[in-house]
Peer 1: 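Here's a structure for you.
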Amino acid sequence: MDPTAGPARARLVRLRPDVDDPVARTARWAHELLDQGFLDLPLPGRGATPDRLAALRDIGAVDLDLARLTEAHTDAVAVHADLGVGAPRPGLWGVWAANPPTAPLTATRSDGGWVLDGTKPWCSGAGACDHALVTARTDDGYRLFAVDLEGATPVDGTWPSLALPGSDSRSVRFENHPADAVGGPEEYLARPGFWHGAVGVAAVWVGGAAGVAGALVTAHARRPLHVHALAHVGAVDAALAAAGCLLQDAGRQADADPGDAAGTARLTAARVRAVAERTAAEVVDRVGRALGPAPLALDPDHARRVADLQLYVRQSHAERDLEEHGTAVLAEGTVPW
């Protein structure tokens, strides 16, 4: 449960820049991992997906700001491969796919291809990424576009959150900005790899929960935990172990059926994300009950981990996701349990 346990996590910590500003630190850290080859992860569904998920979990355990940027970059690489558009251009990539119901980003055809106009919200790494995959509305539905970010404008004041401050998840404004279409309308969502990517996000959540649980190890090393706190340690260990097993099983399923011939990729992703979200909530609750207010009040690293994780898992759609999951389970005809 130590968030820096293991050689991979220790290496991540060693590469952490000694910079006070969280935005600058995370940007430099992500670029350093990219340059060091740390983000050259196995592609999902190509035979080593459990290793990919373990790496994403390690990054989440060390720092969730860093995970916001690096998970997106590795997903962008996978999207390029899935849609057969060649390797992405060198640099750090974002994936900006939030589609607000009002004032969406639009793409229109121009003489040279496509141009983007409008403001895209929730762009993690707004000032750090060199390129991004961006969804935009077109006359024939939503499409995915690859853009160089030179000339795009991050909008100051659009990420006031105290949580995930280093993720720099500002809105970004595009004005007549050139873009290259990646796949056809809705193809980004229709590919099996979309669900493999959803499992990758869950791996980061589980890693973030392990990072929060590290406070139990730190507290016990300082002074042996009392019996009730030890009971919480046992429950936390069981929850993290169960989530880890489910992640690894999902990785093996992706490798066994990369094209989703069985039609189960979406259901698998929904299960993993539901368990990962519940695990994160349980770990935060049990660590707080075991240790009381002191770590939240006096340990800034722990307090930030908790706040970051609680915001990150809200990327889930809560009961809406569970309702879709339950509907899919019953529609299968044979309930798996």
Peer 1: Let me confirm one number: the CD1-OG1 distance from I59 to T70, rounded to the nearest 0.5 Å.
Peer 2: 4.0 Å

Peer 1: For a salt bridge (charged side-chain N to carboxylate O under 4.0 Å, His left out) check, start with the C-alpha distance between R89 and D148, then their side-chain angles and the critical distance, and finish with the verdict.
Peer 2: CA-CA 9 Å; R89 291 185 287 274; D148 290 325; 3.2 Å; yes

Peer 1: Enter the distance from L12:CG to R9:CZ here, rounded to the nearest 0.5 Å.
Peer 2: 9.0 Å

Peer 1: So, does D321 use its side chain to make a donor-acceptor pair with the main chain of S316 at under 3.5 Å?
Peer 2: no

Peer 1: Counting only N and O atoms by type, is there a donor-acceptor contact under 3.5 Å from the side chain of H196 to the main-chain atoms of A265?
Peer 2: no

Peer 1: Go through the steps for R273 and Q315 under the test side chain to side chain donor-acceptor pair (under 3.5 Å), then give the verdict.
Peer 2: CA-CA 10 Å; R273 287 169 70 93; Q315 189 172 347; 5.9 Å; no

Peer 1: Output the distance between atom CG (L66) and atom OG (S167), rounded to the nearest 0.5 Å.
Peer 2: 11.0 Å

Peer 1: Please list every donor-acceptor pair under 3.5 Å in which a side-chain atom of residues 214-221 meets a protein atom from a residue at least two apart or in another chain.
Peer 2:
{"from": "T218", "atom 1": "OG1", "to": "G214", "atom 2": "O", "distance (Å)": "3.3"}
{"from": "H220", "atom 1": "ND1", "to": "L225", "atom 2": "N", "distance (Å)": "3.0"}

Peer 1: Any sub-3.5 Å donor-acceptor pair from R137's side-chain atoms to P104's backbone N or O?
Peer 2: no

Peer 1: Quick one: salt bridge (Lys or Arg N to Asp or Glu O under 4.0 Å) partners of R304, sequence neighbours excluded?
Peer 2: D63, D65, D308

Peer 1: Can you confirm whether more than 12 heavy atoms, excluding those of R11, are under 6.0 Å from its CZ atom?
Peer 2: yes

Peer 1: If Ile, Leu, Val, Met, Phe, Trp and Tyr residues are connected whenever their side-chain heavy atoms lie under 4.5 Å apart, and connections chain through other members, are F38 and L34 in the same group?
Peer 2: yes

Peer 1: List the atom of G166, the atom of T26, and the distance in Å for their closest heavy-atom pair.
Peer 2: O-CB, 3.3 Å

Peer 1: How far apart are the C-alpha atoms of T49 and R252, what are their side-chain angles, what is the distance that settles it, and do they pass the side chain to side chain contact (heavy atoms under 4.5 Å, CB included) test?
Peer 2: CA-CA 7 Å; T49 306; R252 288 189 289 269; over 6 Å; no

Peer 1: Does a side chain donor of either D249 or Q253 reach within less than 3.5 Å of an acceptor in the other side chain?
Peer 2: yes

Peer 1: When you group the ILVMFWY residues by side-chain heavy-atom contacts below 4.5 Å and let the links chain together, are L311 and V204 in the same group?
Peer 2: yes

Peer 1: Are H31 and D130 packed together at the side-chain level, in the sense that at least one heavy-atom pair is separated by less than 4.5 angstrom?
Peer 2: yes

Peer 1: Check A27 against L69 and note the closest heavy-atom contact, atom names and distance.
Peer 2: CA-CD2, 4.5 Å

Peer 1: Is there side-chain contact between V329 and P336, with heavy atoms separated by less than 4.5 Å?
Peer 2: yes

Peer 1: Calculate, to the nearest 0.5 Å, the distance between atoms CZ and OG1 belonging to R170 and T153 respectively.
Peer 2: 10.0 Å

Peer 1: Going hydrophobic residue to hydrophobic residue with side-chain gaps under 4.5 angstrom, can you get from L247 over to L267?
Peer 2: no

Peer 1: State whether the side chain of D168 and the backbone N or O of S124 hold a donor-acceptor pair below 3.5 Å, judged by distance alone.
Peer 2: no

Peer 1: Within the supplied structure, the quantity of interest is the number of heavy atoms (other residues, nucleotides, ligands) at a distance under 6.0 Å from H228 NE2; does it exceed 12?
Peer 2: no

Peer 1: Return the minimal non-hydrogen interatomic distance between D75 and R52, and the atom names on each side.
Peer 2: N-NH2, 3.9 Å

Peer 1: Could you walk me through whether R68 and L64 pass side chain to side chain contact (heavy atoms under 4.5 Å, CB included), step by step?
Peer 2: CA-CA 6 Å; R68 285 291 292 178; L64 287 173; 5.7 Å; no

Peer 1: Report yes if some heavy atom in the side chain of V62 is under 4.5 Å from a heavy atom in the side chain of W29; otherwise report no.
Peer 2: yes

Peer 1: Without swapping roles, check the side chain of K120 against the backbone of A98 for a donor-acceptor pair under 3.5 Å.
Peer 2: yes

Peer 1: Between L92 and A30, which heavy-atom pair has the shortest distance, and what is it?
Peer 2: CD2-CB, 4.0 Å

Peer 1: Quick one: salt bridge (Lys or Arg N to Asp or Glu O under 4.0 Å) partners of D140, sequence neighbours excluded?
Peer 2: R143

Peer 1: Nearest 0.5 angstrom please: L15 CG to Q36 CD, how far?
Peer 2: 5.5 Å

Peer 1: Any side-chain donor paired with an acceptor under 3.5 Å for Q248 and R57?
Peer 2: no

Peer 1: Measure the CH2-SG distance between W96 and C123 for me, rounded to the nearest 0.5 Å.
Peer 2: 4.5 Å

Peer 1: Please lay out, stage by stage, how V155 and V172 fare under the test side chain to side chain contact (heavy atoms under 4.5 Å, CB included).
Peer 2: CA-CA 6 Å; V155 182; V172 174; 6.0 Å; no

Peer 1: Between R46 (side chain only) and P44 (backbone N and O only), is there a donor and an acceptor less than 3.5 Å apart?
Peer 2: yes

Peer 1: Could you tell me which residues satisfy side-chain hydrogen bond (donor to acceptor under 3.5 Å, both in side chains) with R314, sequence neighbours excluded, listed by chain and number?
Peer 2: E277

Peer 1: Would the distance check show the side chain of D260 and the main-chain N or O of P192 forming a donor-acceptor pair, the cut-off being under 3.5 Å?
Peer 2: no

Peer 1: Does F174 reach the side chain of L149, with side-chain heavy atoms less than 4.5 Å apart?
Peer 2: yes

Peer 1: Just list the side-chain donor-acceptor pairs under 3.5 Å for residues 278-287, sequence neighbours left out, or say none.
Peer 2:
{"from": "T279", "atom 1": "OG1", "to": "V275", "atom 2": "O", "distance (Å)": "2.8"}
{"from": "E282", "atom 1": "OE2", "to": "R286", "atom 2": "NE", "distance (Å)": "2.9"}
{"from": "R286", "atom 1": "NH1", "to": "H232", "atom 2": "ND1", "distance (Å)": "3.1"}

Peer 1: T268 side chain to A250 main-chain N or O, any donor-acceptor pair under 3.5 Å?
Peer 2: no

Peer 1: Would you check, one step at a time, whether the test salt bridge (charged side-chain N to carboxylate O under 4.0 Å, His left out) holds for E32 with R16?
Peer 2: CA-CA 9 Å; E32 182 66 20; R16 182 180 186 270; over 6 Å; no

Peer 1: For E71 and G200, indicate whether the former's side chain and the latter's backbone hold a donor-acceptor pair under 3.5 Å.
Peer 2: no

Peer 1: Applying the 4.5 Å side-chain criterion to the ILVMFWY set and letting contacts propagate, would W114 and V147 be lumped into a single cluster?
Peer 2: yes

Peer 1: With respect to L116, which candidate in L105, N176, T108, T106 satisfies the side chain to side chain contact (heavy atoms under 4.5 Å, CB included) definition?
Peer 2: L105

Peer 1: Between H80 and A76, is there a donor-acceptor pair closer than 3.5 Å when you use the side chain of the first and the backbone of the second?
Peer 2: yes

Peer 1: In the single-linkage hydrophobic clustering (I, L, V, M, F, W, Y; side-chain heavy atoms under 4.5 Å), do L296 and Y312 co-cluster?
Peer 2: yes

Peer 1: What's in the same ILVMFWY side-chain cluster as L83, cut-off under 4.5 Å, chained through other members?
Peer 2: V79, V85, W93, V95, L133, L144, V182, Y188, L189, F194, W195

Peer 1: Any idea which heavy atoms bring G91 and H73 closest together, and the distance?
Peer 2: O-CE1, 3.2 Å

Peer 1: Where do A213 and V236 come nearest, in terms of heavy atoms and distance?
Peer 2: CB-CG1, 3.7 Å

